[in-house]
Amino acid sequence: QVQLGESGGGLVQAGDSLRLSCAASGQPFTNYFMGWFRQAPGKEREFVAAVSRFGVSKYYLDSVKGRFTISRDNAKNTAYLQMNSLKPEDTAVYYCAARSTSCSGTGCYVQDEYEYWGQGTQVTVSS
């Protein structure tokens with residue numbers, strides 16, 4: 001079992017930045033690809049970003065490329081999502097997730113392949 005806990009959400013204005021953190025425990029952190037997903041009100045949950053076990057490969061939703069950066073610190077068992085130039089359409093509950101299988105490109109989008117999920121953290125961007 002892996003336990004995941006997100007933090008760092010909040011209310012910001014358009015153009016501001018936030019950094020989300022996802023602390024993991026329970027199993028060796030390097031066993032897992034880490035992903036970030038989000039769910040906006042009235043919408044389905046969608047993929048945002050993923051990072052490979054040692055941070056070499058990273059994948060992003062097109063709409064966040066150039067604004068969001070996913071990273072991980074394996075010594076701290078923590079994954080991050082740095083979000084810059086936030087827009088009102090980025091408003092959502094953000095979830096981190098872990099998968100034991102490798103992925104690449106759109107293969108990382110598949111939510112069912114992520115075995116463990118956090119409870120989510122709310123990000124609200126006002127215009």
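If you read the sequence from its start, that first residue is 1, and numbering goes on from there.
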- [ ] Indicate whether the side chain of S100 and that of E115 have a donor and an acceptor atom separated by less than 3.5 Å.
- [x] yes
Open item on the list: For a quick check under 3.5 Å, do R53 and S102 share a side-chain donor-acceptor pair by atom type?
Closed with: yes
Would you indicate whether the side-chain heavy atoms of [Y] and [X] approach each other to under 4.5 Å?
X: Q122; Y: T91; result: yes
X: R72; Y: N74; result: yes
X: V123; Y: L20; result: yes

Open item on the list: Are L4 and L81 connected into the same hydrophobic cluster when the rule is that any two of I, L, V, M, F, W, Y join if their side-chain heavy atoms are below 4.5 Å apart?
Closed with: yes
- [ ] Give the cluster check for V12 versus F68: same hydrophobic cluster or not, with ILVMFWY residues linked at side-chain heavy-atom distances below 4.5 Å.
- [x] yes
TODO: Quick one: which residue pairs count as a disulfide (SG to SG under 2.5 Å) with a foot in residues 98-127, not counting sequence neighbours?
DONE: C103-C108
Task: Exercise: identify the closest heavy-atom pair between Q27 and Q1 - done: CG-O, 3.2 Å
In a table with atom names and distances, give each donor-acceptor pair under 3.5 Å that connects a side chain of residues 34-51 to protein atoms at least two apart or in another chain.
from	atom 1	to	atom 2	distance (Å)
W36	NE1	Y80	O	3.4
R38	NE	E46	OE2	2.8
R38	NH1	D90	OD1	3.0
R38	NH1	Y94	OH	3.0
R38	NH2	E46	OE2	3.2
Q39	NE2	K43	O	3.1
R45	NE	Q111	OE1	2.8
R45	NH2	Q111	OE1	3.2

Open item on the list: Nearest 0.5 Å, please: how far is CD1 in I70 from CD in Q82?
Closed with: 12.0 Å
Task: Expected output: side-chain E6 to main-chain G120 donor-acceptor under 3.5 Å - done: yes
